[in-house]
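Treat the numbers as computed from the prediction; the structure is a model and nothing was measured.
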Amino acid sequence: MSGHELDLDGGERATFRPSGPLRGSLVPPADKSISHRAAIIGAIADGPTRVVNYLDSDDTRSTLSAVAGLGAMVNPEPLNAMPEEFTIEGVGPTGPRSMGRIDVGNAGTLMRLLPGWLAGCDGGLWRMNGDASIRRRPVDRIAIPLGMMGAEIEVTDGRFPPIRIDGRRLTGIEYELPVASAQVKSCVLLAGLSAEGPTTVIEPEPTRDHTEVMLEAAGARIERGPGRVTVWPSRGLRLDEVEVPADISSAAFFMVAASIVPGSEVVVDRVGVNPTRTGIVDVLRRMGADIDLEPLGDGDGEPIARMTIRHAELAGTRVEGAEIPLAIDELPIIALAACFAEGETVIADAEELKRKESDRIAVVVDALAGFGAEIEAREDGMRIVGTGGLRGGRVDSHGDHRIAMLGAVAGIASQEGVVVDGMDAAAVSYPTFSQDLGRLLG
């Protein structure tokens, strides 16, 4: 079997062999963060919202199912495949039209954002739960500020799902995030839409601002200043259209693959380059990556660009502080790039990695060490000494889509290849990842 062939065993196990260069172009899947928000804010809005290029993945289908269960009409309803565009008829000021159980599956964004809307729906009662992975992901960081606003929120063992939400009248607050988190910020801002008086969130570091951008487009009164954002009570929002750009977090795997596999040149098209999401570009360029960006437009505050990435010799760097929230989902693949760089790379101030679909500090370090990397875990990140390459080996994705895709990229860049157990986890954000990677390999 030639070096660039991919062996798939029922979608569960995949072998990624050492390859030649990656060549060609692709448009990655739609942005997961923006897709979630389009469904939720479209459901809150009054009237129809046209959604174009919504991500077809397990997580985002969970969000569409949840808002439909609350009374939002999705037309046409996605069945076997997501339509290129559809309409969400929001419930408007009357609020959700049903109560009961909401299954979020593995969608952490849904679990943390939706309670912000439901908490202020006086008289409603909901119970939110998900799969085994979700039940290990803390939600106390949304329960605390919502409780300060007057919400009735019960979480398991004071920290974890399931969540019970009794809708109440809320009061606006000023809340300082203890840890930079776009999901917690978004939850509080959504609760502020139905609260009495303004609601302000203060951030220790800037985080992705897709919620603010979309609420402004829907007509909400939003005021932004250095390190803070305020929302005023807003009823009758109208979100006419959302065109979701390609996801830079999905593009990141091809950015690193093209950078570390000699002879590669890859064009990644129509990628969202919101400044609160481009930390991966800044880090890789600082390491010496050859990345060109061609702006393609700025629709509704979400700029897009065409990226061209070519193989380059990389050098180690430090990733810490304000840069961490801007690249939090890309830190695992940055760690892989560091294995191929010259010198030391340190990732610090990234304890948030422990609270993702897996403990991404422990899992990434174990995986890369198993491939032959010189790497050590630290309490808030990791230290990697680049050796110029990896031997290869085997990795369990632990049900984490980003670990599955990291294993694939490591395999094609390694000396011996990588077997990924649980490759089907990639479907959470990128169902066609293996096929797209194979196409770039020839």
Side-chain angles (χ1 to χ4, degrees), residues 1 3-9 12-22 252-262 264 280 283-284 287 289 311 313-317 319 329-347 350 353 356-378 381-426 430 433-434 437-438 440-441:
M1 192 171 290
H4 58 71
E5 292 182 3
L6 310 180
D7 294 335
L8 301 183
D9 181 9
E12 298 285 340
R13 177 177 299 157
T15 301
F16 296 86
R17 304 186 188 283
S19 78
L22 292 85
F253 294 93
F254 299 107
M255 294 164 65
V256 169
S259 295
I260 64 178
V261 176
S264 296
I280 177 68
V283 171
L284 289 178
M287 295 176 76
H311 172 255
E313 299 297 326
L314 303 181
T317 189
V319 189
D329 288 334
E330 294 76 56
L331 293 177
I333 199 67
I334 288 172
L336 175 62
C339 296
F340 290 79
E342 180 72 25
E344 179 183 270
T345 295
V346 174
I347 297 172
L353 286 174
K356 295 293 184 177
E357 285 86 335
S358 65
D359 178 345
R360 287 184 180 159
I361 293 178
V363 172
V364 169
V365 169
D366 287 349
L368 295 180
F371 300 157
E374 187 174 331
I375 184 171
E376 64 180 23
R378 294 182 171 180
M382 59 196 81
R383 172 181 174 270
I384 307 110
V385 177
T387 58
L390 293 174
R391 180 187 63 250
R394 192 176 197 126
V395 63
D396 188 327
S397 73
H398 295 272
D400 189 330
H401 54 132
R402 304 205 190 279
I403 302 304
M405 292 184 282
L406 177 148
V409 175
I412 66 167
S414 68
Q415 298 168 10
E416 300 173 5
V418 168
V419 176
V420 181
D421 292 315
M423 189 64 208
D424 53 326
Y430 201 153
F433 175 78
S434 294
L437 180 61
L440 292 177
L441 293 172

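Put simply, the side chain of T345 gets close to the backbone of T317: a donor and an acceptor are under 3.5 Å apart. At distances below 3.5 Å, not a single donor-acceptor pair connects side-chain atoms of S414 with backbone N or O atoms of G392.
Taking the six-membered ring for Trp and thresholds of 30 and 60 degrees, F254 and Y430 have ring planes more than 60 degrees apart, a perpendicular arrangement.
To the nearest 0.5 angstrom, I333 atom CD1 is 9.0 Å from M405 atom CE. The CG atom of L390 sits 10.5 Å away from the CD atom of E416 when rounded to the nearest 0.5 Å. Going from atom CD1 of I260 over to atom CD1 of I412 covers 7.0 Å, rounded to the nearest 0.5 Å. The structure places CD1 of I334 at 9.0 Å from CE of M255, a figure rounded to the nearest 0.5 Å. Considering CG of D396 and CZ of R13, their distance stands at 10.0 Å, rounded to 0.5 Å. To the nearest 0.5 Å, atom CZ of residue F371 and atom CZ of residue R394 are 11.0 Å apart.
Of all heavy-atom pairs spanning A337 and V256, the tightest one is CB-CG1, 3.9 Å. Smallest separation of non-hydrogen atoms from V395 and G407: CG1-CA, 4.2 Å. The two residues P21 and S264 have their closest heavy-atom pair at CA-OG, 3.5 Å. L368 and C339 make their closest contact through CD1-SG, 3.9 Å (heavy atoms, listed as atom of the first residue, atom of the second, distance). The two residues G20 and L441 have their closest heavy-atom pair at O-CD2, 3.8 Å. Summarising the geometry of G422 relative to A404, their closest heavy-atom pair is O-CB, 4.1 Å, with the distance given to 0.1 Å.
Residue E376 qualifies as enclosed at atom CD: its count of foreign heavy atoms under 6.0 Å is above 12.
Listed by chain and number, the residues in a side chain to side chain contact (heavy atoms under 4.5 Å, CB included) with E344 are V346, R383 (sequence neighbours excluded).
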May I have the step-by-step check of side-chain contact (heavy atoms from CB on, under 4.5 Å) for I403 and V364, ending in yes or no? CA-CA 7 Å; I403 302 304; V364 169; 3.6 Å; yes

Determine, stepwise, if the pair F16 / L437 fulfils side-chain contact (heavy atoms from CB on, under 4.5 Å). CA-CA 10 Å; F16 296 86; L437 180 61; 4.0 Å; yes

What do the steps show when you test L336 against F253 for side-chain contact (heavy atoms from CB on, under 4.5 Å), and what is the final call? CA-CA 10 Å; L336 175 62; F253 294 93; over 6 Å; no

Carefully, step by step, assess L406 and R402 under the rule side-chain contact (heavy atoms from CB on, under 4.5 Å). CA-CA 6 Å; L406 177 148; R402 304 205 190 279; over 6 Å; no

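Counting only residues at least two apart or in different chains, salt bridge (charged side-chain N to carboxylate O under 4.0 Å, His left out) contacts with residues 360-369 comprise D329-R360, E357-R360, R360-D400.
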